[in-house]
Novice: 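Could you have a look at this structure, given as structure tokens, before my questions?
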Amino acid sequence: MEYRTLGKTGLKISRLGFGGIPIQKIDAKGTREIFELMAEKGINYVDTARGYTVSEEYIGYALEGIRDKFILATKSMARTYDAMKADIEKSLTNLRTDYIDLYQVHNPNAQQLEQVMAEGGALEALFEARAEGKIGHIGITLHSAELFEKAVELDWVETIMFPYNIVETQGVEFIKKCGEKNIGFIAMKPLAGGAIDDARLAIRFIAANDDVSVIIPGMATKDEIEQNILAMEDASPLSNEEMDSINAISSTLGTQFCRRCNYCAPCTVGIPISGVFLFAGYLERYGLGDWARSRYQTLAHKASECIECGVCETRCPYNLPIRQMLKKAADEFGE
């Protein structure tokens, strides 16, 4: 297993990490078995979130007696001091630990990021928890390239998590800046939410970028862990044949896959278009129907509210049939 230093945190982590979304599909006992295998294989970086329903709780059960073998990261969508303080305590309880190595601000938009950093914002609670020894380091997770560019310049940001895969390379310029500024970069959605079938190729593509600190595919079976380890162990340069496959995948998915660049925004009636497609991806690819539907229900404006003005399609750099895709999502979610 290859290990890296996670930027300015100084944490020594396995370059292949564990994404904690899919374990919602199994149970605590199954999660324990996965963690025992990861400990044996040297995978020590674990990512979860307050928003991943039972994920923190399953991981907490799995860590009993082997907590010292893992670097533990979670995140919260809290934006205020009180809400973040409560979430940190909840995470500590769920994870059955008195210390979380990395706590992240989870996917704020521009306005929410300002709220997080303002007086009485979530950042105050993170600083306080760090001073008290409850958390070790502070990071941020994002989906917007514009906010990625801003986050690289924030002095409190020690790590940045952002989608990076064969079809989502919109952040590559800022990934390089992370390397230059010693900010740990965490590559999420390595398989583009399950849209990329060839996991080995997907992981090799990301691993070829030396500025990526850790790759966190979601893994819910022992076979997935073994397969991803084999992909990481192959350090040979990408072959011409592999590059042809990468280009083919990019070309195919680039015409029908939302990369969440948000150039389509703002929607005339307020639909969070990329958010709808994100939850639709969980519904269609991850098999997390109940969770995807519950997250979809939090949206103030649903896909069915589309008035088919088409303005979003004129802004999309990938020429996606957004109106048609919204209709499909409305049918799948029932509204």
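Just so you know, these numbers come straight off a predicted model, no measurement behind them.
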Novice: Let me see the working for Leu283 and Tyr296 under side chain to side chain contact (heavy atoms under 4.5 Å, CB included), right down to the final yes or no.
Specialist: CA-CA 10 Å; Leu283 183 69; Tyr296 182 77; over 6 Å; no

Novice: Using a strict 4.0 Å threshold on nitrogen-to-oxygen distance, state whether Glu233 and Lys41 make a salt bridge.
Specialist: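 No, no charged N to carboxylate O under 4.0 Å.
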
Novice: With the threshold set at 4.0 Å, does a side-chain nitrogen-carboxylate oxygen contact exist between Glu153 and Lys181?
Specialist: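 Looking at Lys181 together with Glu153, the answer is yes, because their closest N to O distance falls below 4.0 Å.
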
Novice: I would like to know whether Asp198 and Phe205 meet side chain to side chain contact (heavy atoms under 4.5 Å, CB included); could you show each step before the answer?
Specialist: CA-CA 11 Å; Asp198 191 338; Phe205 169 82; over 6 Å; no

Novice: For Gln111, look at atom CD and say whether over 12 heavy atoms of other residues, nucleotides or ligands are found less than 6.0 Å away.
Specialist: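 Counting other residues, nucleotides and ligands, CD of Gln111 stays at 12 neighbours or fewer.
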
Novice: For Tyr58, give me all partners under ring pair (Phe, Tyr, Trp, His ring centres under 6.0 Å), at least two apart in sequence or on another chain.
Specialist: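 Tyr58 satisfies ring pair (Phe, Tyr, Trp, His ring centres under 6.0 Å) with no residue once adjacent residues are dropped.
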
Novice: Is it true that atom CD of Glu146 has more than 12 heavy atoms of other residues, nucleotides or ligands lying nearer than 6.0 Å?
Specialist: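 Not buried by this count: 12 neighbours or fewer within 6.0 Å.
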
Novice: Please determine whether side chain to side chain contact (heavy atoms under 4.5 Å, CB included) holds for the pair Phe18 and Ile34, giving the CA-CA distance in whole Å, both sets of side-chain angles, and the decisive distance to 0.1 Å.
Specialist: CA-CA 10 Å; Phe18 173 84; Ile34 287 171; 4.0 Å; yes

Novice: Using 4.0 Å as the upper bound for N to carboxylate O, is an ion pair formed by Glu128 and Lys134?
Specialist: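 Not counted as a salt bridge, because no side-chain N and carboxylate O are separated by less than 4.0 Å.
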
Novice: Listed by chain and number, what are the side-chain contact (heavy atoms from CB on, under 4.5 Å) partners of Met1, not counting sequence neighbours?
Specialist: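 For Met1, the residues satisfying side-chain contact (heavy atoms from CB on, under 4.5 Å) (neighbours in sequence not counted) are Tyr3, Ser14, Leu16, Ile43, Ile229.
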
Novice: Please report the interatomic distance CD(Glu114) to CG(Asn109), rounded to the nearest 0.5 Å.
Specialist: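 The CD atom of Glu114 sits 10.5 Å away from the CG atom of Asn109.
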
Novice: May I ask you to decide if Asp234's main-chain N or O and Arg204's side chain share a donor-acceptor pair within less than 3.5 Å?
Specialist: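 Yes; at least one donor-acceptor contact below 3.5 Å.
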
Novice: Nearest 0.5 Å, please: how far is CG in Leu326 from SG in Cys267?
Specialist: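 Cys267 atom SG to Leu326 atom CG measures 7.5 Å (nearest 0.5 Å).
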
Novice: Does a sphere of radius 6.0 Å around CG in Asp68 hold more than 12 heavy atoms from other residues, nucleotides or ligands, not counting ones at 6.0 Å or beyond?
Specialist: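 Enclosed: over 12 neighbouring heavy atoms sit under 6.0 Å from CG of Asp68.
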
Novice: As an exercise, state the distance from NZ of Lys75 to CD1 of Ile186, rounded to the nearest 0.5 Å.
Specialist: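 Taking NZ in Lys75 and CD1 in Ile186, the distance rounds to 8.5 Å.
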
Novice: Quick check: Phe148 with Phe174 (ring centres under 6.0 Å apart)?
Specialist: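 Yes; Phe148 has its ring centre under 6.0 Å from that of Phe174.
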
Novice: Heavy atoms only: give me the nearest Leu142-Pro163 pair and the separation to one decimal.
Specialist: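 Of all heavy-atom pairs spanning Leu142 and Pro163, the closest is O-CD, 3.3 Å.
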
Novice: Is a side-chain N or O of Glu305 found less than 3.5 angstrom from the main chain of Lys302, in a donor-acceptor match?
Specialist: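 Indeed, once roles are kept as given, a pair shorter than 3.5 Å links the two residues.
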
Novice: Of the non-hydrogen atoms in Ala129 and Ile88, which two are nearest, and what is the gap between them?
Specialist: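 Nearest heavy atoms, Ala129 then Ile88: CB-CD1, 3.8 Å.
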
Novice: Before you tell me yes or no, could you show the steps for Ile135 and Tyr99 under side chain to side chain contact (heavy atoms under 4.5 Å, CB included), namely the whole-Å CA-CA distance, both residues' side-chain angles and the distance that decides it to 0.1 Å?
Specialist: CA-CA 6 Å; Ile135 67 173; Tyr99 177 80; 5.9 Å; no

Novice: Look at the side chain of Glu313 and the backbone N and O of Ile322, then say whether any donor-acceptor pair between them is shorter than 3.5 Å.
Specialist: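 Checked: pair present.
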
Novice: So, for Val214 and Gly17, which heavy atoms are closest and what is the spacing to 0.1 Å?
Specialist: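 Shortest heavy-atom contact: CG2-N, 3.7 Å.
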
Novice: Taking 4.0 angstrom as the limit, do Lys177 and Asp211 come out as a salt bridge?
Specialist: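 A salt bridge is absent here (no side-chain N lies under 4.0 Å from a carboxylate O).
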
Novice: Got a second to check how far Met38's CE is from Met219's CE, nearest 0.5 Å?
Specialist: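 If I round to the nearest 0.5 Å, the distance is 6.0 Å.
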
Novice: May I ask you to decide whether Asp101 forms a salt bridge with Arg67, counting only side-chain N to carboxylate O separations under 4.0 Å?
Specialist: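 Looking at Asp101 and Arg67, the cut-off is met.
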
Novice: Verify the ring-centre separation between Tyr81 and Phe127: is it less than 6.0 angstrom?
Specialist: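 Judged by ring-centre distance (under 6.0 Å), Phe127 and Tyr81 do not meet the cut-off.
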
Novice: Using 0.5 Å steps for rounding, measure from the CD1 atom of Ile183 to the NZ atom of Lys8.
Specialist: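 Between Ile183 CD1 and Lys8 NZ, I get 5.0 Å after rounding to 0.5 Å.
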
Novice: Between Glu56 and Ser91, do the side chains contain a donor N or O and an acceptor N or O under 3.5 Å apart?
Specialist: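 On atom types as modelled, these side chains qualify, holding a pair under 3.5 Å.
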
Novice: Can you name the closest pair of heavy atoms from Ala192 and Glu168 and give their distance?
Specialist: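 For Ala192 versus Glu168, the nearest heavy atoms are CA-OE1, 4.1 Å.
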
Novice: Sequence neighbours left out, cut at 3.5 Å: what donor-acceptor pairs do the side chains of residues 327-335 make with other protein atoms?
Specialist:
unit_1: Glu335; atom_1: OE2; unit_2: Gln297; atom_2: NE2; d: 2.6

Novice: I'd like to know if the side chain of Arg323 and the backbone of Cys312 have a donor-acceptor N/O pair within less than 3.5 Å.
Specialist: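 Checked: no pair found.
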
Novice: Mark yes when over 12 heavy atoms from residues, nucleotides or ligands other than Glu132 sit less than 6.0 Å from its CD; otherwise mark no.
Specialist: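 Yes - once you tally the heavy atoms of other residues, nucleotides and ligands closer than 6.0 Å, there are more than 12.
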
Novice: Using a strict threshold of under 4.0 Å (side-chain N to carboxylate O), is an ion pair present between Lys176 and Glu180?
Specialist: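 Judged by the 4.0 Å cut-off on N to carboxylate O distance, Glu180 and Lys176 do form a salt bridge.
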
Novice: Using a 6.0 Å cut-off, check whether atom CD of Glu64 has over 12 heavy atoms from anything other than its own residue.
Specialist: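 Yes, because the 6.0 Å sphere around CD of Glu64 holds more than 12 heavy atoms from other groups.
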
